[in-house]
K.L.:
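Can you read through this structure? Questions will come right after.
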Amino acid sequence: MKVVRVAVFDQPVVHEDDDRRAASLRDLLRGIPGFVAGYHLREEGTGRLMSFTVWDSDEALELGEQAVRARPASDQRGVRPSRVEKWMVDGVF
């Protein structure tokens, strides 16, 4: 069963080179076995951010989280989520 990780960033502070850092993160995640899809979302009025990633399994999600934590500081976006939730895919439409 697919697993979704949702991370909400209520007060993001981004670096000048955030586009490069975000692209590096997306490249990393796409290379991890079990990664299905991902989205970075921005609430237009407030600038709040959300990360939404889909994984084949809990194990794949854990590999992804480990890989993100192991990135060099120069590639990290440097924003910490206000909250992280894990959801199981209940249906596809």
K.L.:
For the CZ atom of Arg48 and the CZ atom of Phe9, what is their distance to the nearest 0.5 Å?
P.N.:
11.5 Å
K.L.:
In Å and rounded to the nearest 0.5 Å, what is the CE to NZ distance from Met88 to Lys2?
P.N.:
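Separation between the atoms: 10.5 Å.
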K.L.:
Nearest 0.5 Å please: distance from the CG atom of Asp56 over to the CG atom of Leu61.
P.N.:
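So the CG of Asp56 and the CG of Leu61 are separated by 11.0 Å.
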K.L.:
Walk me through whether Glu62 and Glu59 qualify under side chain to side chain contact (heavy atoms under 4.5 Å, CB included).
P.N.:
CA-CA 5 Å; Glu62 178 59 30; Glu59 295 79 17; 5.7 Å; no
K.L.:
Can you see which heavy atom on Ile32 is nearest to which on Leu28, and at what distance?
P.N.:
CG1-O, 3.4 Å
K.L.:
Should Arg71 and Ser24 be marked as a side-chain hydrogen bond (donor to acceptor under 3.5 Å, both in side chains) after you check the CA-CA gap, both sets of side-chain angles, and the distance that decides it?
P.N.:
CA-CA 10 Å; Arg71 294 172 67 206; Ser24 169; 3.3 Å; yes
K.L.:
Parallel, tilted or perpendicular: which describes the rings of Phe52 and Tyr39, with under 30° parallel and over 60° perpendicular?
P.N.:
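Judged by the thresholds at 30° and 60°, the geometry between Phe52 and Tyr39 is tilted.
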K.L.:
For atom CG of Asp27, is the number of surrounding heavy atoms from other residues, nucleotides or ligands below 6.0 Å larger than 12?
P.N.:
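Check passes, neighbour count above 12.
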K.L.:
Given the rule in the side chain to side chain contact (heavy atoms under 4.5 Å, CB included) test, do Val8 and Glu85 qualify, once you have shown the distances and angles that lead to the verdict?
P.N.:
CA-CA 9 Å; Val8 177; Glu85 300 176 2; over 6 Å; no
K.L.:
Which pair of heavy atoms, one from Arg26 and one from Asp19, lies closest together, and at what distance?
P.N.:
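Looks like NH2-O, 4.5 Å.
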K.L.:
How long is the straight-line distance from CG of Leu29 back to CD of Glu65, given to the nearest 0.5 Å?
P.N.:
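Between Glu65 CD and Leu29 CG, I get 10.5 Å after rounding to 0.5 Å.
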K.L.:
Check whether Val36 and Leu63 end up in the same hydrophobic cluster, where Ile, Leu, Val, Met, Phe, Trp and Tyr are linked by side-chain heavy atoms less than 4.5 Å apart.
P.N.:
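No, Val36 does not connect to Leu63 through the hydrophobic network.
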K.L.:
Out of curiosity, does Val3 fall in the hydrophobic cluster containing Val92 (side-chain heavy atoms, cut-off under 4.5 Å, transitive links)?
P.N.:
no
K.L.:
If you compare all heavy atoms of Val84 against all heavy atoms of Ala7, which two are closest, and at what distance to 0.1 Å?
P.N.:
CG2-CB, 4.1 Å
K.L.:
Please report the shortest heavy-atom distance between Arg42 and Gly47, naming the atom on each side.
P.N.:
NH1-O, 3.9 Å
K.L.:
Report whether Met1 and Phe35 are members of the same hydrophobic cluster (ILVMFWY, side-chain heavy atoms less than 4.5 Å apart, transitive linking).
P.N.:
yes
